[in-house]
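The structure under discussion appears below in the form of structure tokens.
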Amino acid sequence: MAPIIRAMAFLGDLGGGLLAALYDYRFAVAIASVLLLFVLVLAGRRYRWTERIRRHPMAAGLAGIVALIVLAPVTWYLVSPIFIRTELVEAPIAAAAPSPSPSSAAASPSASSASASTSPDPSATAPAEPTATPWSAAAPRSGSFTGTDDFHFGKGTATLTETAPGKWTIRLADFSVRNGPDLFVYLSPDGNDYADGAIEIAKLKATDGSFNVAIPAGTDPASARSVLIWCKQFAHLFAYATLES
């Protein structure tokens with residue numbers, strides 16, 4: 001399993017580098033693409049590719065369709081995230097206040113007087129009921145996002161909050177990250193990287209904005225030390241936020 005993860009990480013680094021170069025030099029790449037197309041047209045005329053295509057129209061058409069079917073989706077999947085941005089703004093979810101436990105420790109004056117007037121034996125007292133311990137939310141933890149390089153940038157804050165007993169939410173605020181083909185939110189036991197025991201939380205909702213990410217029920221984030229923006233497809237880390245109390 002480890003060699004596969006390393007291989008995917010290498011491919012992710014390689015793909016990230018190529019996409020970074022494509023983005024940084026996108027105008028030069030566009031000009032080069034036009035020139036390449038022009039050269040291909042000239043070469044086709046010189047070597048009479050058009051005549052060969054006319055002699056074998058069926059084979060040429062099938063080859064073109066196959067190339068289009070294979071290359072177009074792959075190219076769109078890998079390149080389009082560079083240019084596509086999405087934004088989402090949601091209201092923050094406040095931590096729930098602990099519910100007061102039903103107890104006979106505090107009774108209203110009217111209830112006390114009514115009880116005294118109807119009690120046949122004023123000296124008799126009811127046994128005290130045990131008082132339930134009120135729930136107290138864990139202290140929230142937060143951190144600022146850092147990108148892994150100039151291309152894979154990340155900014156904003158991540159705050160891990162307990163909103164109810166055993167219910168947790170990650171709040172991403174003033175958030176922005178480089179888009180990718182398969183980005184997910186993870187909790188990691190490492191402070192600034194993916195590590196064994198990292199927990200997949202949810203697919204990233206948007207590249208920009210302020211929004212909430214609900215942690216699945218039954219997930220214990222006690223050991224989490226960072227929030228990651230992780231590309232599952234290429235096992236590549238885009239950004240991380242180290243959590244601190």
Side-chain angles (χ1 to χ4, degrees), residues 5-6 8-9 12-13 15-17 19-20 23 81-82 84-98 135-245:
I5 294 178
R6 285 196 295 269
M8 293 300 293
D13 291 337
L19 292 177
Y23 182 81
I82 298 178
I84 294 177
R85 308 292 301 175
T86 56
E87 184 174 4
L88 177 63
V89 177
E90 295 178 338
I93 298 177
W135 170 73
S136 180
R141 293 186 290 151
S142 63
S144 299
F145 276 103
T146 301
T148 53
D149 52 53
D150 292 338
F151 180 72
H152 298 98
F153 68 85
K155 57 185 178 180
T157 60
T159 303
L160 179 63
T161 304
E162 188 178 17
T163 58
K167 185 177 180 180
W168 297 80
T169 298
I170 301 171
R171 173 72 176 178
L172 304 184
D174 300 323
F175 174 74
S176 184
V177 71
R178 169 71 68 199
N179 200 4
D182 194 30
L183 297 187
F184 278 74
V185 179
Y186 273 70
L187 286 175
S188 174
D190 190 281
N192 55 16
D193 203 352
Y194 183 93
D196 290 340
I199 304 171
E200 178 185 318
I201 301 304
K203 190 172 181 65
L204 186 66
K205 294 180 179 180
T207 60
D208 301 272
S210 298
F211 49 89
N212 310 304
V213 182
I215 296 179
T219 303
D220 183 7
S223 62
R225 295 186 58 202
S226 63
V227 176
L228 309 181
I229 306 300
W230 177 259
C231 176
K232 286 180 62 178
Q233 184 70 41
F234 295 104
H236 189 82
L237 180 62
F238 274 50
Y240 64 90
T242 304
L243 296 174
E244 298 179 354
S245 299

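Within the 3.5 Å criterion, the main-chain N or O of S226 finds no donor-acceptor partner in the side chain of T242. Although no hydrogens or angles enter the test, the distance criterion places no donor-acceptor pair under 3.5 Å between the side chain of S223 and the main chain of P189. A donor-acceptor pair is defined here as one N or O able to donate and one able to accept, closer than 3.5 Å; no such pair exists between the side chain of R141 and the backbone of L243. In this structure, the side chain of N212 does not engage the main chain of P92 through any donor-acceptor pair within 3.5 Å. Put simply, the side chain of S188 gets close to the backbone of D193: a donor and an acceptor are under 3.5 Å apart. In terms of modelled atom types and a separation under 3.5 Å, the side chain of S210 and the main chain of V89 share no donor-acceptor contact.
Residue A138 comes nearest to W168 through the heavy atom pair CB-CH2, 3.7 Å, listed as atom of the first residue, atom of the second, then distance. Considering every non-hydrogen atom in both A241 and G143, the closest pair reads CB-O, 3.8 Å. The heavy-atom pair separating A158 from I170 by the smallest distance is CB-CG2, 4.4 Å. Nearest heavy-atom pair, E90 versus F211, reported as atom, atom and distance to 0.1 Å: OE1-CB, 3.5 Å.
Counting non-hydrogen atoms of neighbouring residues, nucleotides and ligands closer than 6.0 angstrom, the CG atom of D174 reaches no more than 12 such neighbours. Under a cut-off of 6.0 angstrom, the local environment of NZ in K205 is crowded, with over 12 non-hydrogen atoms contributed by other residues, nucleotides or ligands.
In this structure, CH2 on W230 lies 10.5 Å from CZ on F238, to the nearest 0.5 angstrom. Between the CZ atom of F175 and the OG1 atom of T157 there is a distance of 10.0 Å, given to the nearest 0.5 Å. Between the CD1 atom of I229 and the CG atom of L204 there is a distance of 5.0 Å, given to the nearest 0.5 Å. I201 CD1 to T219 OG1: the interatomic distance, rounded to the nearest 0.5 Å, is 5.5 Å. Here the CZ atom belonging to R225 is positioned 14.0 Å from the CG atom belonging to L160, to the nearest 0.5 angstrom. Interatomic distance, K155 NZ to F145 CZ, rounded to the nearest 0.5 Å: 13.0 Å.
Residues T86 and D208 form no side-chain contact, since every pair of their non-hydrogen atoms from C-beta on lies 4.5 Å or further apart. Under the 4.5 Å side-chain criterion, counting only non-hydrogen atoms from C-beta, R85 is in contact with S176. The shortest distance between side-chain heavy atoms of V177 and H152 does not fall below 4.5 Å. Looking at I215 and I199, their side chains never come closer than 4.5 Å, going by heavy atoms from C-beta outward. Residues N192 and D190 have side chains in contact (heavy-atom distance under 4.5 Å, counting atoms from C-beta outward).
Under the salt bridge (charged side-chain N to carboxylate O under 4.0 Å, His left out) criterion, E200 pairs with K232, sequence neighbours left out.
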